[in-house]
Participant: 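Quick one: structure below, then a few questions.
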Amino acid sequence: KTPKGAKEADNSPMAMSYRYLTSAKHLDKNFVAGLLGNAIRETGGWDLNPDADNGSHRGLFQWSYNDASRTGRWYDFMDTFLKERNISESQYWAMDKDQKRTLQLDFGLYEMQEGKEWASYKKILDQRPSTPEQWASLINQHFERSGEPAGSPIDMERQGNARQIAEKYGKNNGEINYTDIDSLIKKNYQEVKRVYDEKLESLKYEREKIGQSVSASEKLNLYKEIVN
């Protein structure tokens, strides 16, 4: 049941990807907008098709591949990343696009944070990007390595995509739009409010131990767990 004063989540591929990266992965919103702004260009649209393939590059970020020799970054994904997670090639190809997209997002993050693209990612971080446009351009130059120089028409397209994502999803992470969770609870549910506060304090404590804060989506999920 959708709480009064709220509206159903946007479950488009873009909204779900944005929500996954910002809420589940707790990543910076401007970074996420820049990353997904590039994915729009790489896959050809806002549906972020994980099966996008131009004959030599495949997936959300158009990883290079050679099927005959099983080489290229795509096969780092297939033969290393997935195998380490006990996912076979046949299991992967049987998945729906949402599942494939999530795995590919995880792989992209893995490449930058732990894998072969760490040096490239560090070059991005060293320039201290702070806007969706800056992230988009630097990701294009150092992670995508598309050959499109900063400020070129296609680079500007990527930056524009990032700005649109930030403006569309930046305020509510692409999920339920509500204004004041506390007033929503206090209005009719004093007992719910008591339970909610107890659970929220416990969650805050757990998040503080790992240096994180409780997101708006987590607060709303607590409320939904209590009233459903």
Side-chain angles (χ1 to χ4, degrees), residues 9-28 31-125 135-136 139-140 142-147 158 161 165 169 173-175 206 210 212 215 217-218 221 225:
D10 175 354
N11 286 323
S12 66
M14 178 60 72
M16 289 193 294
S17 297
Y18 186 93
R19 181 161 64 239
Y20 176 67
L21 294 173
T22 56
S23 295
K25 293 293 186 179
H26 304 288
L27 295 172
D28 176 78
F31 164 74
V32 171
L35 184 68
L36 295 179
N38 274 276
I40 292 173
R41 172 68 192 182
E42 297 298 316
T43 61
W46 281 63
D47 62 344
L48 302 179
N49 179 14
D51 297 332
D53 190 328
N54 70 2
S56 61
H57 294 75
R58 184 180 288 148
L60 288 181
F61 302 111
Q62 289 294 278
W63 290 286
S64 61
Y65 72 89
N66 182 312
D67 286 336
S69 60
R70 295 187 73 86
T71 55
R73 286 168 67 187
W74 175 258
Y75 282 101
D76 290 339
F77 172 58
M78 296 298 292
D79 292 345
T80 302
F81 185 80
L82 292 184
K83 282 187 177 180
E84 288 176 352
R85 287 151 183 80
N86 296 315
I87 300 172
S88 70
E89 187 167 356
S90 60
Q91 286 174 320
Y92 172 80
W93 287 115
M95 291 178 177
D96 64 32
K97 286 189 175 183
D98 290 339
Q99 293 171 308
K100 291 177 184 175
R101 190 179 301 109
T102 298
L103 284 171
Q104 289 186 27
L105 289 172
D106 285 343
F107 176 60
L109 295 177
Y110 169 80
E111 280 194 306
M112 287 187 276
Q113 296 173 352
E114 303 177 53
K116 294 180 179 179
E117 294 300 315
W118 160 242
S120 298
Y121 184 52
K122 188 176 184 302
K123 290 179 182 178
I124 296 172
L125 296 179
W135 276 109
I139 289 170
N140 174 36
H142 298 292
F143 178 67
E144 293 291 354
R145 296 190 290 276
S146 66
R158 294 170 189 262
N161 293 339
I165 293 168
Y169 299 114
N173 283 11
E175 52 195 42
E206 293 300 320
I210 56 175
Q212 296 177 350
S215 68
S217 63
E218 289 176 310
N221 285 336
E225 287 174 8

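Below, all heavy atoms of this structure are taken into account, side chains as well, without hydrogens, waters or symmetry copies.
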Participant: Find out whether Y169 and S12 are in side-chain contact, i.e. whether some heavy atom of one side chain is under 4.5 Å from a heavy atom of the other.
Facilitator: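 Y169 reaches S12 side chain to side chain.
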Participant: Going through the checks in order, is the side chain to side chain contact (heavy atoms under 4.5 Å, CB included) test met by T102 and M16?
Facilitator: CA-CA 9 Å; T102 298; M16 289 193 294; over 6 Å; no
Participant: Closest heavy-atom contact between F61 and A39?
Facilitator: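 Looking at all heavy atoms of both residues, the shortest contact is CE2-CB, 3.8 Å.
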Participant: For Q113, enumerate each residue passing the side-chain contact (heavy atoms from CB on, under 4.5 Å) test, keeping only those at least two apart in sequence or located in another chain.
Facilitator: L27, L109, Y121
Participant: Please list, chain by chain and in numerical order, all residues satisfying side-chain contact (heavy atoms from CB on, under 4.5 Å) with N86, sequence neighbours excluded.
Facilitator: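 In terms of side-chain contact (heavy atoms from CB on, under 4.5 Å), with neighbours along the sequence ignored, N86 is linked to no residue.
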Participant: State, without any angle test, whether D106 and Y20 hold a side-chain donor-acceptor pair at a distance under 3.5 Å.
Facilitator: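 Looking only at side-chain atoms, Y20 and D106 do form a donor-acceptor pair, the distance falling under 3.5 Å.
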Participant: Start with the C-alpha gap between E144 and R41, add the side-chain angles, then the distance that decides, and say whether side chain to side chain contact (heavy atoms under 4.5 Å, CB included) holds.
Facilitator: CA-CA 11 Å; E144 293 291 354; R41 172 68 192 182; over 6 Å; no
Participant: Using the ring-ring contact (aromatic ring centres under 6.0 Å, His included) criterion, which residues pair with F107? Sequence neighbours excluded.
Facilitator: W63, F77, F81
Participant: Indicate yes or no: at least one non-hydrogen side-chain atom of W74 is less than 4.5 angstrom from one of N66.
Facilitator: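 Not touching, per the 4.5 Å side-chain cut-off.
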Participant: Within the side chain of Q62, is there an N or O that forms a donor-acceptor pair under 3.5 Å with the backbone of G59?
Facilitator: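 Indeed, once roles are kept as given, a pair shorter than 3.5 Å links the two residues.
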Participant: Are the side chain of R19 and the backbone N or O of D10 linked by a donor-acceptor pair below 3.5 Å?
Facilitator: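 Indeed, once roles are kept as given, a pair shorter than 3.5 Å links the two residues.
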Participant: Within the side chain of Y18, is there an N or O that forms a donor-acceptor pair under 3.5 Å with the backbone of P13?
Facilitator: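 No.
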Participant: L60 and Q104: which non-hydrogen atoms are nearest, and at how many Å?
Facilitator: N-OE1, 2.7 Å
Participant: Could I get the full list of side-chain contact (heavy atoms from CB on, under 4.5 Å) partners for K116, not counting sequence neighbours?
Facilitator: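 Expected list: D76.
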Participant: Considering all heavy atoms of both residues, which atom of D96 and which atom of Q99 are nearest to each other, and what is their separation?
Facilitator: OD1-N, 2.8 Å
Participant: Between R101 (side chain) and L48 (backbone), is there a donor-acceptor pair under 3.5 Å?
Facilitator: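 Yes.
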Participant: Excluding sequence neighbours, so at least two apart, what forms salt bridge (charged side-chain N to carboxylate O under 4.0 Å, His left out) with E117?
Facilitator: R73, R145
Participant: Hey, does the side chain of D53 reach the backbone of R58 with a donor-acceptor pair shorter than 3.5 angstrom?
Facilitator: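 No: the side chain of D53 does not pair with the backbone of R58.
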Participant: Using side-chain contact (heavy atoms from CB on, under 4.5 Å) as the criterion, list what pairs up with D51, not counting sequence neighbours.
Facilitator: N49, W93, K97, K100
Participant: Please report the interatomic distance CG(N161) to CH2(W46), rounded to the nearest 0.5 Å.
Facilitator: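 It comes to 6.5 Å.
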Participant: How about M95 and L103: do any of their side-chain heavy atoms sit closer than 4.5 Å?
Facilitator: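 Sidechains of L103 and M95: in contact.
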